[in-house]
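A note on names: the letters A, B, ... follow the listed sequences, proteins ahead of strands, and every chain is numbered from 1.
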Amino acid sequence: MDYDFTSIERKWQAWWAENKTYKAVEDPSRPKYYVLDMFPYPSGAGLHVGHPLGYIASDIYSRYKRLKGFNVLHPMGYDAFGLPAEQYAIQTGQHPEKTTNENIARYRRQLDRIGFSFDWDREVRTCDPAYYKWTQWAFLKMFDSWFDNALGKARPISELEDAFERGGSGAVDAACGEVEPFSADEWKAKGPKEKSDTLMQYRIAYQGETSVNWCEGLGTVLANDEVKDGLSVRGGFPVIQKKMTQWQLRVSAYAQRLLDSLDGLDWSDSLKEMQRNWIGKSEGCEVVFKVTDGVDTYDMTIFTTRVDTIFGVTFMVLAPESEWVEKLTTPDRKEEVESYLSYVKKKTERERMAETRTVTGVFSGSYAENPLTGEKVPVWISEYVLSGYGTGAIMAVPAHDSRDYAFARRFDLPVVSIIEGCDVSEHSFDAKEGRMCNSGFLDGMDVKQAIEAAKDYVEEKGLGRRKVNYRLRDAIFSRQRYWGEPFPIYYKDGTATPLPFEELPLELPEIGEFKPSEKGEPPLARAKDWTYDGWPLEKSTMPGFAGSSAYYLRYMDPHNDNALVSPEANAYWRSVDLYVGGTEHATGHLIYSRFWNKFLFDLGYVCEEEPFRKLVNQGMIQGRSNFVYRIVGTNTFVSLGLKDAYDTTEIHVDINLVYNDRLDIAAFKAWRPEYADAEFILENGEYVCGWAVEKMSKSMFNVVNPDNVCDTYGADTLRLYEMFLGPVEQSKPWDTKGIDGISRFLRKFWRLFYDRDNLIVEDAAPSPAELKSLHKLIAKEQEDIENFSFNTTVSAFMIAIGELTDLGCHKKAVLEPLTILISPFAPHIAEELWHVLGNTESVTCARFPEYDGRFTAEDSCTYAVSFNGKTRFTVDLPKSMGREEAASHVLSLDKAKKYTDGHEVLKVIVVPGKIVNIVIR
RNA sequence: GCCCGAGUGGCGGAAUGGUAGACGCGAUGGACUCAAAAUCCAUUGUCCCUUAAAGACGUGUGGGUUCGAUUCCCACCUCGGGCACCA
C-alpha cells in the first residue's frame, strides 16, 4: 500500500471532528496550557501560505504539550469586522455580513485541510452580536470608570462623584483632560449637563476634541497605528490632520504600567523595544517663561529634557496649532503669521513628512524672558514643534539640539555653546556628555550632574517642576463607518449628554447603502429609527482593534451569556501561555489588548494583569508581487520597459492576473470597476509587469494558496515543509524548491511500516543501535520544541528515519514511539500508522516517550585532537578516562608524535568528551 | 537621523567558545529498468593537483581577547525591520 495522503488526511480529519478529539474542558486535576494564534481577518483573498506558518508552529506546540500531559486550550476564531468588507460593500452593494460569512466559510475549509487541533466549539466571531455584546460591555465599563493616579488603577466613576462631593477636583489625583479646578460647593452647584461635561474629562472611555488622522478616501478617522507614511494602512489613501470630537480611550493613563510590566514578559527583545519606543517615556522638566507681546505679560510653560542647557537658550518656538500663537502675535507680525499658518494648514501629513528637512517658521513679534538669566529671546512659530506633545512650546538651544540648530541657521539666530570645548560651527553637539560652561552655577559640572542640579534649582525657585511625558496617545475609538460595533450610547439633550445604553447587545441596524450619508454623517445616519427612547443613538462605530482586544478571554468561556468570562473559567485558564502572531501588531493590538486587560484586571473581572505571557513572532513568508504602472492623472497603464518615459504610479496587481510577469489584460479590466476602461501602452504586444519580493498580503495581491500545496503533496508535507524552511521567527520568501525532500522523507517513514502491500511491523525486541536512534531523537526533539526550533526537529526526524531504514528496523517497540514523536508535525500520517499498530484511541492521547539516557551511557566518546587550535585527527577514548590520563594517552599516539616532533609541548587542554588541544612551540 | 536584528557553499539553512557547512534542495556519476517513473549508492566550500595522499585558505571587512572565535569585545561596510521633527 502506498502512502495515499489524500484519503488518509480526509479520513482522520473527519474522525477528529466526529470524536471532538481536541475539545478542551476545564479540568482542575490537570495542568492547563493555553496556546493562541492571532485570529485572522477573513479577507476575500483567502488564506495564504504565510498564515499557516504561525498556526502550524502553535499547533505543533499544542500537540506536543498534550503529549506531555497538559490540558491544552487551542482555539480559533475570526476578527470579522473591518474596512475591506465594507469597502467591498460600498463597491458592490453586498452586505458586509454576507461577504464576511462567505470568507469565513472559505477560511474554515482551508484551515481544516491543514489538520489543526483547534477546539472549534469555542470559535468566536467579532461581528456576532453575542460576541460584541461583551465588546460593548467593556466600553461601557470604561465609560463608567476613571483612572486614579494615586492608586495607579481604574475605579468606578461613582467614587469620583463622591470625591467631588467631598472635596471638589482637588480631592483626587486623576488622569484627565483640561479641567478648571473646582471646589465641593462649586461641584454641587453644577447642573446635570455641566456635571456630565466635567466627568467626561475623567472617563476612561471619553468623548473629546482632538487632532485626528482624517482619511477622506475612507471617510473616517484612523488611529496612529492605522496610518503609515501619511497614508492609510487599509487602502493607502492620504491622511490629513483635523480637529474633531471623537470617542477616545485613555490609554495614556496606563503608560507607566504598560512600560513596567513589559519586563516580566517572555517576548522578544525587539518587540518589547518597539513597545517601549511607542510608549516613549521621557523624563524632563516643565519650566515657566515670562512672555510679553509688549502689552501683556503671560506665564508660558515649556517642556524640556535638557534643563541643563537653559543658559544656551537663544529663542523659543511655538507649534502653529498652539493657543499661544494668537496671544503672542504682535499686530505688526499678524499678516505674516497668518499666511504661515494657512501654509501649514494646507499641507497633508504626508507632505509634512516628505519635507522633514526643510525648515520653515515665522517670528511672532513677542519675546520671552529666560527665568535663569533674565535675558530676552524672540518667540518664533514653526511646524517642527508639535502641538500634541509636551506643552506645544519649546525653549530652543541651537548649540545642543540639531533641530534647533537647523532653525537657527535658517533664520540667523545666535548659537551659544554651554559645553566646554565643543565645536558648533558646523553641527550642534547633542550628546549628553562634557563639562558645562557659560552656565552660571552649573559651570564645571558634568552634563549628567548638571541635569539633576538644574532640575533641583528650577523646583526650589518655583520656576517649574519635574515632569514625565509619554509619546503614547489616547486611542481614538470612533470610526465613521458601518461595519463595526455600534456604541451603546445615546444622547439625551440633542448631542449634549451621552448616556449608556444598557440593554446589550445593541445590534447593528440594517441600512440600504453603506456610504456616508448625503449630509456627510456616518453610514448609521441612514438607519431608520436609530434611536432609543426617542433619543438619537451614537452614529459612529468602534474601530477594528475593539473586537480583538479581549477575544482571548472570551475563548475561555465563549458561550456564557452572563459574563465575558466566568470567574471559574478565568481562574483555570488565567492567561495565554503562548501567543503566536506577526510583529505588525506590535504597536496596535498588542498595546490595546494589554491596556484592555489591565483595565478589566483593575475592576476585578480577570485574575491576571498581563494577557500574553510568552509571545513568538512568526516571520513573514514573503511573496513575489507584481506591479502595473499608471500614468499619473490618467487611467492609462504603461508596460515596465517603457515606464521611465512617463510620470507613473506603481500599483500592485493580483499575481493571479499575471503569468510569467505578463499581465492578462482582460482579467485586469474585470478585476476592479475602476480599471474596466483602462488603457494600455504595450511593448511587443504585451504588458510586462514589474515585480518585487515583499510581504505576502491581500493588499499586495501576491497571495499563494495552501490548498494547491495540499492537493499536490498533502497537509503533512506542507506542515513539515513550512517548519523546515527555517526558524519560525525568520522571514523568508515562499519557494517550493525543496518540498520534494519532505515528501520523500514521509514516504520513507511509511516504508518502515509497509513493503508495498504488506505490513512489515514485527514484535521483536529492538537492538541497542535502534534504541540509540530513537532516544537521540527523543532528546533532540524535546529540546528543540521547547526552544521553538522546529526546523532542526524536522532534520532530526530525517536523520532518525534514515538510520532506522539503514538498520532495517521494522519493530513495533521502536515504530510506536516514533509515531508519537512525529505526530505533532505530521498528525495525519501519524494517526493512520498509530491505528495500524493496533491502537484505538487517537495518538493525541498517547504520552511523549521518556528519554532514557541510553545512548549517552556508552563507554567511549570521540575527541578531536588539535595542535595549537588546528584539529588534526580524532580518537575514541573511554568515557571514564580522566583529563590527565587522556592527555598522556593522546601524546603517546604515533599520529600525535608526528606533530609534536621537534616541538616543545607547552600545555594540553582536555575538554571531556569533546577535544584535546595540545599547545606546542 | 535614532533604536533593534541579520550577514556562513550554487540555494534554504545547521553549529552559542571546542572536528564549520548538520539536514534538505540542486548538480554530477553510478545501480536497477527495453525504457521511464520510483527507489538506492557515491561525489559535491575554494585553491594546488591527471588523480590520490598531504597541505593551504575559508563564516561581510579590519582589529582585539583566547591554547582555540561563525560564536565574546571594538570599529566599519551591507541588507532587513521599527520609529521618525516627541524638545
Side-chain angles (χ1 to χ4, degrees), chain A residues 2 228-229 268-278 280-282 284-285 302-307 309 317 319 352-353 355-359 382-386 388-397 400-404 406-407 430 469-473 583-584 586-587 617 619-620 622 693 695 720-721 724-727 729-733 735-742 744-745 747-748 751 789 791-799 802 805-806 862-875 906-921:
Chain A
D2 275 342
K228 211 174 145 39
D229 300 330
S268 74
D269 290 339
S270 69
L271 191 68
K272 287 193 202 178
E273 203 50 39
M274 265 191 237
Q275 291 218 337
R276 286 195 192 99
N277 290 340
W278 191 262
K281 181 178 183 174
S282 72
C285 201
I302 57 96
F303 174 76
T304 179
T305 54
R306 293 293 302 274
V307 228
T309 61
V317 189
R352 237 174 124 151
M353 284 175 165
E355 294 169 18
T356 287
R357 307 267 170 260
T358 52
V359 180
S382 172
E383 59 180 332
Y384 86 88
V385 174
L386 305 177
Y389 186 78
T391 62
I394 62 153
M395 63 179 216
V397 185
H400 305 293
D401 182 291
S402 51
R403 296 155 302 184
D404 298 344
F407 194 81
D430 293 15
N469 265 333
Y470 299 92
R471 274 155 76 171
L472 185 70
R473 307 291 162 81
T583 355
E584 67 271 23
T587 52
N617 286 122
M620 274 181 273
Q622 292 139 316
V693 169
K695 183 179 156 187
L720 282 160
Y721 183 59
F724 187 65
L725 267 176
E729 298 90 338
Q730 196 171 301
S731 290
K732 51 235 158 189
D735 179 11
T736 24
K737 262 195 299 181
I739 198 165
D740 289 319
I742 297 293
R744 257 170 236 164
F745 154 72
R747 277 177 297 184
K748 206 166 177 179
R751 285 200 302 272
S789 178
N791 56 333
T792 53
T793 318
V794 179
S795 295
F797 286 139
M798 291 178 170
I799 294 167
T805 303
D806 290 347
T862 305
Y863 284 73
V865 179
S866 306
F867 294 86
N868 289 346
K870 284 192 198 293
T871 302
R872 299 300 179 183
F873 58 90
T874 62
V875 61
L906 294 177
K907 209 197 282 187
V908 182
I909 296 134
V910 180
V911 182
K914 286 182 173 171
I915 198 152
V916 179
N917 189 27
I918 298 153
V919 187
I920 53 178
R921 187 167 61 194

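Residue A:Ser282 places its side chain closer to B:A87 than to any other of B:G13, B:A87, B:G18. Among B:C3, B:C83, B:C40, the nucleotide with an atom closest to any side-chain atom of A:Glu273 is B:C3. Checking B:C40, B:A87, B:G82 against the side-chain heavy atoms of A:Met274 singles out B:G82 as nearest. Here B:U39 is the nucleotide among B:U39, B:U19, B:C83 with the atom lying nearest to any side-chain atom of A:Arg751. Of the listed nucleotides (B:G18, B:A87, B:A20), B:A20 has the atom at the smallest distance from the side chain of A:Thr871. Listed nucleotides: B:C40, B:A15, B:A87. Nearest to the side chain of A:Thr792: B:A15. Closest to the A:Ala864 side chain, of the nucleotides B:G13, B:C3, B:U19, is B:U19. Each of B:A22, B:G13, B:C41 was ranked by its minimum atom distance to the side chain of A:Ile799; first place goes to B:A22. Proximity note for A:Arg744 (side chain, C-beta onward) versus B:C23, B:U19, B:G26: the nearest is B:G26.
Side chain of A:Asp404 to backbone of A:Val397: a donor-acceptor contact under 3.5 angstrom is found. Between the side chain of A:Asp401 and the backbone N or O of A:Ala396 there is no donor-acceptor pair closer than 3.5 Å. With hydrogens and angles ignored, the 3.5 Å screen pairs a side-chain donor or acceptor of A:Ser268 with a backbone N or O of A:Leu271.
Contact annotation: A:Gln730 side-chain N/O to B:A6 OP1/OP2 distance is not under 4.0 Å. The phosphate of B:C3 has neither OP1 nor OP2 within less than 4.0 Å of any side-chain N or O from A:Arg471. Considering only side-chain N and O atoms, A:Asn868 lies nowhere under 4.0 angstrom from the phosphate OP1 or OP2 of B:G68. A close approach under 4.0 Å does occur between a side-chain nitrogen or oxygen of A:Tyr389 and OP1 or OP2 of B:A87. Within the structure, a side-chain polar atom (N or O) of A:Arg747 is placed less than 4.0 Å from OP1 or OP2 of B:U39.
In this structure, A:Leu725 reaches the sugar-phosphate backbone alone: every heavy-atom distance under 4.0 Å involves primed, P, OP1 or OP2 atoms, never a base. Using a 4.0 Å heavy-atom distance criterion, A:Ile909 is classed as a base contact. Nucleic acid contact for A:Arg276: none, since no nucleic acid atom lies under 4.0 Å from a heavy atom of the residue. Residue A:Ser270 is in sugar-phosphate contact alone, with no base atom involved, counting any heavy-atom pair closer than 4.0 Å across all strands shown. A:Asn791 comes within contact range of the sugar-phosphate backbone alone, with a heavy-atom separation under 4.0 Å but no base atom that close. Within the nucleic acid shown, A:Thr862 comes within 4.0 Å of at least one base atom, counting heavy atoms only.
Look at CG on A:Leu271: it is 14 Å from C1' on B:C83, rounded to the nearest Å. B:A87 atom P lies 19 Å from atom CD of A:Glu383, rounded to whole Å. If you take CE of A:Met798 and P of B:G13, they are 15 Å apart, rounded to a whole angstrom. Between A:Asp404 atom CG and B:G1 atom C1' there is a gap of 15 Å when expressed in whole angstrom units. Distance, A:Lys914 NZ to B:G18 P: 6 Å, rounded to whole Å. Distance NZ (A:Lys732) to C1' (B:G80): 15 Å, rounded to an integer number of Å. One can place CG of A:Asp430 at 13 Å from P of B:G1, the figure rounded to the nearest angstrom. Across the protein-nucleic acid pair, A:Ile394 atom CD1 and B:A87 atom C1' stand 5 Å apart, rounded to whole Å.
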Legend entry - Dot-bracket summary - RNA chain B, pairs being Watson-Crick or G-U whose distances fall under 3.5 Å, with | when paired to another strand: (((((((..(((.....[....)))((((((.......))))))(((.......)))..(((((..]....))))))))))))....
Legend entry - Nucleotide-resolved protein contact map, nucleotides 52-60 of chain B, B/S/- at heavy-atom distance under 4.0 Å: ---SSS---
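Remark: the separation of the C1' atoms in B:U61 and B:C79 is 15 Å, to the nearest Å.
In this structure, A:Trp278 and A:Ala393 both approach RNA chain B, and ranking their closest nucleotides by distance from the 5' end singles out A:Trp278. Looking at which nucleotide of RNA chain B each of A:Lys907 and A:Thr805 is closest to, the 5′-most match is held by A:Thr805.
Shown here is A:Asp806, whose CG atom has more than 12 heavy atoms of other residues, nucleotides or ligands within 6.0 Å.
Within 90° of 0 lies the glycosidic angle of B:G9, which makes this nucleotide syn.
The side chain to side chain contact (heavy atoms under 4.5 Å, CB included) test with A:Tyr863 is passed by exactly one of A:Val910, A:Thr874, A:Ile915: A:Val910.
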